[in-house]
> 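I'd like to ask some things about the structure below.
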Amino acid sequence: MSSSVIDFVATEARFGAHNYAPIGVVLSRGQGVWVWDTDGNRYLDCLSAYSAVSQGHCHPKILAAMVEQAHRLTLTSRAFHNDQLALFYEEIAALTGSHKVLPMNSGAEAVESAVKSVRKWGYEVKGVPDGQAEIIVCANNFHGRTLGIVGFSTDPETRTHFGPFAPGFRIIPFGDAAALEEAITPNTVAFLVEPIQGEAGVIIPPAGYFAKVRELCTANNVMLVLDEIQTGLGRTGKLLAEQHEGIEADVTLLGKALSGGFYPVSAVLSNNDVLGTLRPGQHGSTFGGNPLACAVARAAVRVLVEEGMIENAARQGARFLEGLKDIRANTIREVRGRGLMLAVELHPAAGRARRYCEALQGKGILAKDTHEHTIRIAPPLVITSDQVDWALERLATTLTQDFS
Ligand SMILES: *Cc1c(COP(=O)(O)O)cnc(C)c1O
C-alpha cells in the first residue's frame, strides 16, 4: 500500500462527515466494467455506483455529449427555455410510454417531487379533503435520504434522531397484497414501492404480487408509484422492472443510470393527470432540466438502447445467477437476482459480508455488503461472458473461505 492511499483515506476521515464506511480502496480511473486505484491495481466494479454507472465507466459517447454540451451551454434555469429539454422529454416519453416528465437531479428529489405531485393530484382530482392525503409505503423501503423520505423509513439507522417527521405515510409489509388492500382508505392517494427492494438486499416479491397491486390501485383510484431509480433502465434485463410483472405504473421514478454516472439527473414520469396538476411557481429546481443534464441523459439512454445493454443485462444476469447457484459453499444461505441486480445472502454464522467484500477486493473485485450478511453484485450492463466467468471464479474461491 503506497503512502498516497493512506493519505487520501486519512484526510477524508479527518475533514469529512463520517456518514459512509467505504472499502479501503482509493480509485482514480475507470473504463467500462473496470476501475483502477491510485497504485494502478485493476478491479471489476460489481457495484456500479449503486447502478448509476450501468453504461460502464466513462462511456465515450456520453462523455462526448457532455463535453460538447459543456462547450455550448450548461445552465439557463427554467426561467428560459433551452434547446435540449424538449428533446429529452420527447425521447424519454417515447421510450417509456409516459405522457409527462418532470426533470430533477438526485433520486431523492424525484421521490419528493412524486410525493408532492400525488398529494396535489389527490386533493385536486381525486377529491381528498385538504391535509388528509395518505401514501402507503413498504417496510424496509429505500427511497433516499431527505427528511420527508427518511420519515417513512423503517431502518432505525436511517431515522434515529432526525425527527420530527412529516405525517401522512402508512407502512405495510413488502410483497403482501392483502396488507395493501387493508391499508387503503378513501384518503389514500398513492402506493409508493420499489419493484425489487435494492438496499434491503435485492428482495424480489412473490410472483403475481404486482399484478394484484395494480388491480387494487386501479380499483381504488390510488396512484401506483414505482421507484425504478435502481431497477430501471435495463438493470433487471428489461427497460423497466415493471415489464417483468406485465403492469404499468401511474408514476415512474428514474435516476442513477439516467445519466450513466456522469452527472445527477433524475425524473418523474407520469400519466397526464398527476404531473398535470403542477402549475407555474408550485415546484421547481435551479438545476433540474438544465441543458447539460439533458444532453447527458439523452446520450446515456441512447447508448443503453443502441448498444443492446438491456438485452446483455438479461443474458449475462442469467449466466451470473446460474454460476452463483452452482457455487457449493456452506457460507451461502441464498442467491437471488433478476438481470444484473444480484445478491448473495450469507448464513449469519459465516461472518459479516463486509469481510467477504474485503477479501474480494484482494482478488480484484469491488462489491458492497448490505445489511450485515448480504453481498450485492451489480456490475455495469456492458459486462461480457468472459468477465462474468472471471468474477464467478473469484467469488467461488472467496465464498468457500470462512471468515466467521
Ligand atoms: C438510490 C436510490 C434512491 C435515491 O437516489 P439518490 O440519487 O441517492 O438521492 C431512491 N430510490 C431508490 C430505489 C434508490 O436505489
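From a predicted model like this one, the values you see are computed outputs, not experimental measurements. Counting convention: from 1, in listed order, for ligands and their atoms alike.
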> Go through the side-chain N and O atoms of Thr384 and Gln316 and say whether any donor and acceptor fall under 3.5 Å apart.
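Checked: Thr384/Gln316 side chains show no N/O donor-acceptor pair below 3.5 Å.
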
> Quick one, Asp250 with Arg214, criterion salt bridge (charged side-chain N to carboxylate O under 4.0 Å, His left out). Give me CA distance, side-chain angles, the key distance, then yes/no.
CA-CA 9 Å; Asp250 300 300; Arg214 180 63 275 180; 3.0 Å; yes

> When you check the side-chain N and O atoms of Glu112 and Thr146, is any donor under 3.5 Å from an acceptor?
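Side-chain D/A pair, Glu112 to Thr146: present.
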
> Between the side chains of Ser285 and Asn105, does any donor sit under 3.5 Å from an acceptor?
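The answer is yes; a qualifying pair exists.
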
> Check whether the side chains of Arg235 and Gln230 place a donor and an acceptor atom closer than 3.5 Å, and report yes or no.
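No pair is found: no donor N or O on one side chain lies under 3.5 Å from an acceptor on the other.
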
> Check whether any side-chain heavy atom of Phe287 sits under 4.5 Å from a side-chain heavy atom of Leu292, and report yes or no.
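No, side chains not in contact.
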
> Around ligand 1, what residues show up once you keep those with a heavy atom under 4.0 Å from it?
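Only Ser106, Gly107, Ala108, Phe142, His143, Gly144, Glu194, Asp227, Ile229, Gln230, Lys256 have heavy atoms that fall under 4.0 Å of ligand 1, ordered by chain and number.
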
